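One structure is given below, encoded as structure tokens.
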2 protein chains.
Amino acid sequence: MTKGNVQGCVEDSDVSPRDLAARAAWLSFVGGMTQDQIAQELGISRQRAQRLVARASAEGLIRVRIDHPIARCLELERDLKDRFGLEAAWVSPGIGTGADPLIGLAPFVAPVLERFFEDTQSKTFALGTGRTLKTVVEHLRTVDGAHHKLVSLIGNVAPDGSASFYEVIMRFAEKTRAKHYPMSAPVSARDDAELVLYRSLPHVKASRALAKSADLAIVGIGQMGDDAPLYVDGFLTAEELTDLRAAGGVGEICGHIFDGAGRYLDHPVNHRMVGVQVPVQEMPVYCVAAGDSKLPALRAALGGGLLAGVFTDERTARDLISQ
Amino acid sequence: MTKGNVQGCVEDSDVSPRDLAARAAWLSFVGGMTQDQIAQELGISRQRAQRLVARASAEGLIRVRIDHPIARCLELERDLKDRFGLEAAWVSPGIGTGADPLIGLAPFVAPVLERFFEDTQSKTFALGTGRTLKTVVEHLRTVDGAHHKLVSLIGNVAPDGSASFYEVIMRFAEKTRAKHYPMSAPVSARDDAELVLYRSLPHVKASRALAKSADLAIVGIGQMGDDAPLYVDGFLTAEELTDLRAAGGVGEICGHIFDGAGRYLDHPVNHRMVGVQVPVQEMPVYCVAAGDSKLPALRAALGGGLLAGVFTDERTARDLISQ
DNA sequence: TCATGATATGGGCAAATGCTCAAATCTAAT
DNA sequence: ATTAGATTTGAGCATTTGCCCATATCATGA
């Protein structure tokens with residue numbers, strides 16, 4: 001009667017709890033073992049085994065991928081490309097109605113980005129910010145992308161002086177070990193003098209120059225409803241928001257607001273951004289976005305040729321295409 | 001009360017069963033939904049949902065990876081590299097004792113190979129054969145490696161004239177879309193005249209030349225016990241097997257038999273192979289192998305410098321290192 | 001048209017899993 | 001050394017899952 005520990009793993013007293021969790025998850029998912037078997041193999045209780053597996057899942061140690069392109073999603077990808085003249089489109093299968101679309105989109109996008117980073121050719125990636133991108137980065141696995149460069153398209157300091165909460169470049173760099181160039185400056189200047197000042201700072205200058213010369217930009221998109229992220233996070237006052245909407249603003253990319261035809265507004269708010277307006281001329285811009293609220297913004301950006309590629313979910317893709 | 005079908009998926013009568021299975025698996029694994037919820041979302045019965053998810057797993061539509069290097073495995077990798085002067089080593093966590101080590105090793109190796117193929121730089125990969133490699137290939141996902149070349153190190157015709165059962169290059173090519181160059185000839189010639197004939201065939205010549213100029217070789221390893229694969233598959237007679245063992249043979253790579261010090265035997269059987277003797281001088285050779293039975297062969301190959309890299313499991317790694 | 005075999009479907013049940021709660025153990029500050 | 005707070009552990013139980021079996025549906029050929 002074998003009582004576990006046969007692999008010579010658990011008696012090593014210094015294994016970290018995460019290692020044990022990973023091992024339990026491995027036995028469960030790859031080995032197809034039941035929790036009782038895992039418990040026996042590892043010499044622990046059934047409950048502990050269950051907790052370890054649950055923990056491994058919760059901590060994102062487990063990556064599940066569906067390796068079968070669903071016909072309907074492929075079709076939507078094709079339609080999106082045709083309709084908006086995109087060079088690339090990815091459509092994730094829909095998660096149950098009502099659920100946060102990011103639950104499905106982020107784990108779907110992450111492996112695609114991983115592939116970008118596994119290329120041995122050195123590239124520079126320009127990054128936006130936001131909850132969407134942040135969630136995607138959390139689903140990235142660690143890849144060796146030390147030969148790439150990451151540069152932020154947008155400042156990292158919120159109006160209250162705090163570091164912007166949804167900044168993604170640092171987390172991205174953690175996962176890829178790429179050299180990273182955050183834009184260490186406020187997102188938005190308060191007046192023209194400040195703008196000139198910030199833009200004259202050497203490191204800001206360098207970041208802006210690098211951003212403009214990137215090989216690919218990956219951005220999110222913001223809507224301009226009552227809960228517009230720019231407003232909620234304090235980058236816009238209520239008056240400015242109203243004003244921008246009156247001027248036709250329906251969405252923003254990296255804080256630069258555009259109208260329903262995808263034309264950037266000629267508005268002071270747009271002129272005060274310290275970061276760069278996404279240079280759609282110079283590089284492909286790929287946008288990650290899904291959800292009803294983002295639909296008008298996304299439609300405008302796509303229609304106006306602001307994007308060269310899009311990651312979205314089935315539901316949003318369908319809505320984009322059906323007029 | 002929503003009765004499902006909201007995503008506009010299931011009413012499309014022409015969705016393939018596989019698509020539905022993939023979608024159910026997506027909802028289950030990524031969406032974390034219960035089978036009842038999946039059933040409702042897809043407008044099917046609970047049992048059907050369960051069957052779809054099971055089917056997706058069975059058909060390999062699901063890829064689970066543990067994205068956490070277990071300390072003990074890393075340690076073993078380091079030890080293997082130090083001990084045998086390897087440039088690379090990968091050690092998969094052990095699956096329960098007694099189980100086929102390939103259950104754990106194959107899903108562990110596959111993603112590593114995928115990465116090799118996702119490189120944009122064109123490469124030529126030389127491949128061996130065998131049950132181990134075949135199982136690994138089954139765990140590969142589809143990657144776009146159309147710019148690479150695959151070449152077989154060994155003939156693909158068994159002594160009875162059938163195509164060799166464990167040939168991997170075709171399956172490999174299916175997964176990667178790479179150009180492939182099988183060696184369309186018998187594995188072994190019956191005499192010197194036949195050998196000269198086969199080797200003079202233009203396509204064999206070309207394959208052999210390409211194989212010798214590959215950038216990386218990926219091979220399995222065979223043992224020389226009573227159930228030696230070369231013997232079981234009819235490439236050796238019982239007498240030859242006995243003879244080779246008496247001459248010190250403990251293992252083989254691509255049909256070329258070597259002794260306990262990793263020196264190829266000067267034996268007629270070795271001279272009749274139509275394929276190439278793995279050109280360890282000209283390229284790195286990585287070997288995938290695990291299991292007690294392969295231990296002597298693996299130890300000899302590693303000790304004799306026949307390999308530049310190894311994929312194995314925890315148990316085998318531990319045994320290799322502990323003398 | 002009907003018979004026949006193969007495949008798919010849903011009910012029912014045993015096994016496996018996830019979760020809550022109380023006890024135990026550990027940590028750290030007095 | 002002691003105690004308050006936090007974390008971990010295992011028992012019990014409700015939920016979920018996997019699987020067997022009887023029935024229904026489908027395809028095929030007489």
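Only a predicted model underlies this, so the values are computations on that prediction, with no experimental measurement involved. Note on naming: letters A, B, ... go to the chains in the order of the sequence lines (proteins, then strands), and numbering restarts at 1 for each one.
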Nucleotide N/O to protein N/O under 3.5 Å, stretch nucleotides 9-11 of chain D:
| residue | atom | partner | partner atom | Å |
| --- | --- | --- | --- | --- |
| dT9(D) | OP2 | Arg48(A) | NE | 3.4 |
| dG10(D) | OP2 | Ser45(A) | OG | 2.8 |
| dG10(D) | N7 | Arg51(A) | NH1 | 3.2 |
| dG10(D) | N7 | Arg51(A) | NH2 | 3.1 |
| dG10(D) | O6 | Arg51(A) | NH2 | 2.6 |
| dA11(D) | N7 | Gln47(A) | NE2 | 2.7 |

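Note that CG of Leu20(A) is 9.0 Å distant from CZ of Arg55(A), once rounded to the nearest 0.5 Å. Between atom CD of residue Glu114(A) and atom CZ of residue Arg115(B) there is a gap of 9.5 Å, rounded to the nearest 0.5 Å. Separating the NZ atom in Lys294(A) from the CG atom in Leu320(A) is a distance of 12.5 Å, to the nearest 0.5 Å. Rounded to the nearest 0.5 Å, atoms CZ (Arg63(A)) and CG (Leu61(A)) are 8.0 Å apart.
The residues Glu118(B) and Arg141(B) are annotated as salt-bridged, a charged nitrogen and a carboxylate oxygen being separated by less than 4.0 angstrom. Using a cut-off of 4.0 Å between Lys/Arg side-chain N and Asp/Glu carboxylate O, Glu314(B) and Arg23(A) are scored as salt-bridged. With salt bridges taken as basic N to acidic carboxylate O contacts below 4.0 Å, one links Arg131(B) and Asp100(B).
The CD atom of Gln50(B) sits 15 Å away from the C1' atom of dC21(D) (whole-angstrom rounding). For the pair Leu20(A) CG and dT8(D) P, the computed distance is 13 Å after rounding to whole Å.
With the end axes of the helix from dT1(C)-dA30(D) to dT30(C)-dA1(D) each set by five pairs, the angle from one to the other reads 30° at 10° resolution.
When the nearest nucleotides of DNA chain D are assigned to Arg55(A) and Arg46(A) by heavy-atom distance, the more 5′-ward of the two goes with Arg55(A).
In summary, the side chains of Thr316(B) and Asp319(B) do not present any donor paired with an acceptor at a separation below 3.5 Å, with no hydrogens or angles considered.
Ring orientation note: the planes of Phe108(B) and Trp26(A) are nearly perpendicular, at an angle over 60° on the 30°/60° scale. Below 30°, between 30° and 60°, or above 60°: for Phe172(B) and Phe117(B) the angle between ring planes is between 30° and 60°, a tilted geometry.
A heavy-atom distance below 4.0 Å to DNA chain C is reached by these residues of residues 24-36 of chain A, ordered by number: Thr34(A), Gln35(A).
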